[in-house]
Amino acid sequence: MESHKMSHPQKINIKQRLAARLLASGLTRDQTAKHVGVDPTTLSKWRKNPAFEDHIHTLLTQHEQEALQTMQALKLKAVERLSELLQSKSSSIALRAVEAVLNRTRNAYSTKSGLSEEDVAWRAMQQELERIAADANQQEKESQP
């Protein structure tokens, strides 16, 4: 993670650091000013201080990196869950999971390759999968009392 380098030698005080943290976490100017105990116009003046803005930028960059790490972890969990669904006893759920995998991999592959022949092949495979899913659903309905 790259840190935003302070190019301005000016220091910021504790209240300004708190205000920067609150602004970076999504609070409005008025909410931040009230929480820090300053007038909103004071906060507006602080926003003109390059060191204050640098600190906010550094905090926002850190928040963004944390959010990306969280999303990566959730993506891994989603893939694990999809893998579990592939093993479902319900054929319709398993087939929907297969379709999801094929669609995602087709989209990733098509974006990289840009080849329309592969798109045609994937569409044909998807149509066959839909036919199999429809047959499986029909068989499930017929087997129910």
Original post:
Is the NE2 atom of His63 crowded by more than 12 outside heavy atoms at less than 6.0 Å?
Top reply: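 More than 12 heavy atoms, drawn from other residues, nucleotides or ligands, come within 6.0 Å of this atom.
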**OP:** Determine whether more than 12 heavy atoms belonging to other residues, nucleotides or ligands lie under 6.0 Å from atom CG of Leu76.
**Re:**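 For Leu76, atom CG is crowded (more than 12 foreign heavy atoms under 6.0 Å).
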Quick one: pull up [atom1] in [X] and [atom2] in [Y] and give me the separation to the nearest 0.5 Å.
X	Y	atom1	atom2	answer
His57	Glu53	NE2	CD	10.5 Å
Gln31	Ser25	CD	OG	9.0 Å
Thr61	Ile56	OG1	CD1	11.5 Å

Original post:
Closest heavy-atom contact between Phe52 and Arg47?
Top reply: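 Heavy atoms only, the tightest pair is CE2-CD, 3.6 Å.
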**OP:** Would you name the heavy atoms of Arg17 and His55 that are closest together and state the gap between them?
**Re:**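 For Arg17 and His55, the tightest heavy-atom pair comes out as NH1-CE1, 3.2 Å.
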**OP:** Using the test salt bridge (Lys or Arg N to Asp or Glu O under 4.0 Å), find all partners of Arg21 that sit at least two apart in sequence or belong to another chain.
**Re:**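 Not a single residue meets the salt bridge (Lys or Arg N to Asp or Glu O under 4.0 Å) criterion with Arg21.
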Subject >> Common cluster, Leu85/Leu95, ILVMFWY with side-chain heavy-atom separation under 4.5 Å >> reply: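 Result: no, two separate clusters.
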**OP:** Name all residues meeting the side-chain contact (heavy atoms from CB on, under 4.5 Å) criterion together with Lys15; count only those two or more places apart in sequence or in a different chain, and write none if there are none.
**Re:**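 Testing Lys15 for side-chain contact (heavy atoms from CB on, under 4.5 Å), a comparison that skips the adjacent residues, returns Asn13, Val36, Val38, Trp46.
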Original post:
What side-chain hydrogen bond (donor to acceptor under 3.5 Å, both in side chains) pairs are there with at least one residue in residues 80-89, not counting sequence neighbours?
Top reply: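 The answer is Arg81-Glu84.
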Original post:
Who passes side-chain hydrogen bond (donor to acceptor under 3.5 Å, both in side chains) against Thr41, sequence neighbours left out?
Top reply: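 Scan of Thr41 (side-chain hydrogen bond (donor to acceptor under 3.5 Å, both in side chains), adjacent residues dropped) gives Asp39.
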Subject >> Partners meeting side-chain hydrogen bond (donor to acceptor under 3.5 Å, both in side chains) with Arg29 (sequence neighbours left out) >> reply: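 Result, side-chain hydrogen bond (donor to acceptor under 3.5 Å, both in side chains) vs Arg29: Ser44.
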Original post:
Other hydrophobic cluster members with Met71, side-chain heavy atoms of Ile/Leu/Val/Met/Phe/Trp/Tyr under 4.5 Å, chained?
Top reply: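 Reading the cluster by chain and number, Met71 sits alongside Leu74.
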Original post:
Does the side chain to side chain contact (heavy atoms under 4.5 Å, CB included) test come out yes or no for Glu64 and Leu60, once each step is laid out?
Top reply: CA-CA 6 Å; Glu64 185 177 309; Leu60 287 171; over 6 Å; no
**OP:** Run through Leu59, Leu18, Thr32, Thr28 and flag the one making a side-chain contact (heavy atoms from CB on, under 4.5 Å) with Leu23.
**Re:**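 It is Thr32; the other options fail the test.
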